[in-house]
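In what follows, a structure is listed as structure tokens, so that the remarks can point back to it.
Predicted model, so just to flag it, every value in this text is computed and none were measured. The chains referred to below are lettered A, B, ... by the order of the sequence lines, with proteins before strands, and numbering in each begins at 1.
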Amino acid sequence: MTLTLEQLDRDEALLESIAILQGETRAGFLRKAALGSAGMLAALAAPARAADSVSDVDILNFGLRFERLQATFYTQADELGTIHKMPAAKQRWAEVLGAHERAHVRILKKILGDKAGKRPFFDFHGVTETDDRFTRTAVAMEDLTVALLAGVTPRVHDRRLTAALFGLLTTEARHAAWARNIVGTTPAGRSVDEARTLDSVRGTVSRTHFIAAAPRMTSRRSRPRFTG
Amino acid sequence: MSGERRTRAQALRAGVTTSAAVGAGVLLRDWARPDASAAAPSRAQDVRILRFLLVLEQAQSAFYDAALRSGTLSGELLHFAQVVAPQEHDHVAVLRRRLGASARPAPPFDFREATTSSAHFRRAAIDLEEATAAAYIGQGASLTRDAVAEAAGIVAVEARHAAWIRDLAGALPAPRPADPARSPNDVLSDLRTKGYLR
């Protein structure tokens, strides 16, 4: 493989996200990656491939799962008081994003009707409890959402859905830019946003271990975990 | 709410609450739909749509170039223009490449007034970025699949620009849970009314 991670991920959103989500420094993550996390590198380097076999319902359901992850992330940070402790401008940012993600969940559930997938359980491993970790994860998640929507929007078959996804894509891109401005990173790091396949985003989400198979009541903390 | 004297934070909070509380029914109605006048995607239709989007990218390129030449910008606004200008040039290049021999030269623009002060610049930048994002949202679904993919990557960046300049102007960067579409006629007549497009 000739491409390095940095070349694939010029604005470093992905590196950041994976490093943060795995609770490591970026340098630490890179060292580990360089030592031969071949599977992950291969997943990251996987070219966008035709995914005609994926149905619109599959795409919407993955979108719903992802929006539930985001909505729960913001709601939990709100309920734990993490957002309340932030400076006013940042509070407004976190509250608006939370409200939007919850609205996206409602929209997707409505469109899917009885085809909507079951709500998974979430465990954010403490990321929602401190301003710093919450913020960095939010930046990574918003950029990841943009890449997901840029990747799936051309893949849906129903043109009404394509139109709707365009309006959702721009909202998520606004979130990402706003988040980046808040942390002092360039809000628009490249001329054209990267597109990622559903499989590749699924892989990244899975590596965060934010989605649990069952409610986590026996973790280090006795506090009950939240659902989306 | 206590009339007009409420604070900006309260107003924003109210805006968020409203948008979150209206429910999926209203949101679905407000959600972007394919342009009703558009036929099934075709190469010929791509050309019509991409020519329209190219005018908007050309307008933005001309605007940021004029702003950088004017010397009126400093600090964060200057940084914004310096980052965004080359990205708009790239968008022009991408659309020109896709259009090939069907690409048209830029129409005459007038950004003299828009670049006379920071306040004018902010207003014009928001106008242009929002108009361009809404235009892509309105036309995107009527493109052929490869062009949709390209449009998606570009419109995300236009939305990032819109959010960024709104943040610098003290406006809410993401005012709605889903962005609306605008028709070509609406967008172009708006640019003419504002004097940007002659």
Side-chain angles (χ1 to χ4, degrees), chain A residues 48 50 52 88-89 91-93 95-111 146-147 149-156 158-182 186-195, chain B residues 9 12-13 15-17 19-20 22-25 27-28 31-35 40-41 83-84 86-91 94 133-134 136-138 140-142 145-146 148-164 166-168 172-181:
Chain A
D52 287 338
Q91 261 186 51
R92 186 165 64 243
W93 160 73
E95 283 168 3
V96 170
L97 265 60
H100 285 181
E101 307 304 1
R102 288 187 291 273
H104 294 167
V105 169
R106 283 200 305 278
I107 293 169
L108 289 171
K109 274 170 72 180
K110 175 125 183 167
I111 294 175
V146 175
L149 285 169
V152 300
T153 299
R155 296 284 153 218
V156 295
D158 186 331
R159 279 168 58 208
R160 290 169 305 174
L161 203 53
T162 313
L165 288 180
F166 264 104
L168 205 58
L169 166 63
T170 53
T171 300
E172 297 291 358
R174 287 172 191 267
H175 291 176
W178 192 1
R180 286 170 152 260
N181 210 28
I182 278 187
T186 307
R190 54 174 71 185
S191 299
V192 178
D193 257 290
E194 69 161 348
Chain B
L12 287 170
R13 195 178 289 268
V16 173
T17 314
S19 59
V22 285
L27 289 172
L28 272 177
W31 235 4
R33 277 155 206 268
D35 189 339
V83 171
V84 172
Q87 296 183 344
E88 304 298 5
H89 286 286
D90 284 351
H91 295 169
V94 169
Y136 274 91
I137 295 168
S142 303
R145 183 177 286 200
D146 285 355
V148 170
E150 218 153 54
I154 293 176
V155 74
V157 174
E158 302 293 359
R160 286 175 184 267
H161 295 166
W164 187 2
R166 288 174 73 103
D167 209 10
L168 295 181
L172 197 58
R176 290 167 296 263
D179 281 331

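For chain A, no part of B:A134 is nearby; none of its heavy atoms comes within less than 4.5 Å. The contact between B:V155 and chain A is made by backbone and side chain atoms together, counting heavy-atom distances below 4.5 Å.
The choice from B:A163, B:A149, B:A174 that makes the most heavy-atom pairs within less than 4.5 Å of chain A is B:A174. Interface check for chain A: of the options B:I154, B:D167, B:D146, the most heavy-atom pairs under 4.5 Å are formed by B:D167. Among the candidates B:D90, B:V157, B:V84, the residue making the largest number of heavy-atom pairs closer than 4.5 Å to chain A is B:V157.
Residues forming a salt bridge (charged side-chain N to carboxylate O under 4.0 Å, His left out) with A:D158 (at least two apart in sequence, or on another chain): A:R160. Not counting sequence neighbours, B:H161 has no partner by the ring-ring contact (aromatic ring centres under 6.0 Å, His included) test.
A distance of 4.5 Å separates CD in B:E88 from CD in B:E158, rounded to the nearest 0.5 Å.
Residues A:R174 and B:A162 share a closest heavy-atom pair of NH1-CB, 4.1 Å.
Taking the charged nitrogens against the carboxylate oxygens, B:R176 and B:D179 do have a contact shorter than 4.0 Å, which makes a salt bridge.
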